[in-house]
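Inspection log for the structure reproduced underneath, given as structure tokens.
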Amino acid sequence: MSFKPTTRAQRQTIKRLYNRSVDGSPSYREFRKRFVHYGLLDIYGGTWCGMFIGIELDGHAHS
């Protein structure tokens, strides 16, 4: 894992996931901290509703 800022599309996808189910997270900021950059795949990924979600640069999410 490495650090790379999220794209606007990735942040919008994370926000949509948060709005669909806060999944016990106390805030959007805390929810967003679950998602980290995976350098080899160049995606942001994290857990949501018991699934791993990978978010591409264009905001497309895969479970």
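Because the structure is predicted, anything quoted here is derived from the model rather than measured. This chain uses plain numbering: 1 for the first residue, then up along the sequence.
For G24 against R34, the heavy-atom pair with the smallest separation is C-NH2, 4.5 Å.
With hydrogens and angles ignored, the 3.5 Å screen pairs no side-chain donor or acceptor of T47 with any backbone N or O of G50. Q10 contributes no side-chain N or O that, together with a main-chain N or O of G59, makes up a donor-acceptor pair within less than 3.5 Å. Of the possible polar contacts, one joining the W48 side chain to the L17 backbone as a donor-acceptor pair under 3.5 Å is found.
Y38 and L57 fall into different hydrophobic clusters, where Ile, Leu, Val, Met, Phe, Trp and Tyr side chains are chained together by heavy-atom contacts under 4.5 Å. Residues L41 and F52 fall within the same hydrophobic cluster, defined by Ile, Leu, Val, Met, Phe, Trp and Tyr side chains chained together at heavy-atom separations under 4.5 Å. Criterion: ILVMFWY side-chain heavy atoms under 4.5 Å apart, direct or through other members. Under it, L40 and V36 are not part of a common hydrophobic cluster.
Summarising the geometry, atom OH belonging to Y18 is positioned 10.0 Å from atom CD belonging to E30; distances are rounded to the nearest 0.5 Å. A distance of 10.0 Å separates CD1 of I43 from CD1 of I53, quoted to the nearest 0.5 Å.
Not counting sequence neighbours, the partners of F35 by the ring pair (Phe, Tyr, Trp, His ring centres under 6.0 Å) test are F31. Remark: R32 engages no residue in a salt bridge (Lys or Arg N to Asp or Glu O under 4.0 Å) (not counting sequence neighbours).
Note on residues 42-63: pairs passing salt bridge (Lys or Arg N to Asp or Glu O under 4.0 Å), not counting sequence neighbours, are K4-D42.
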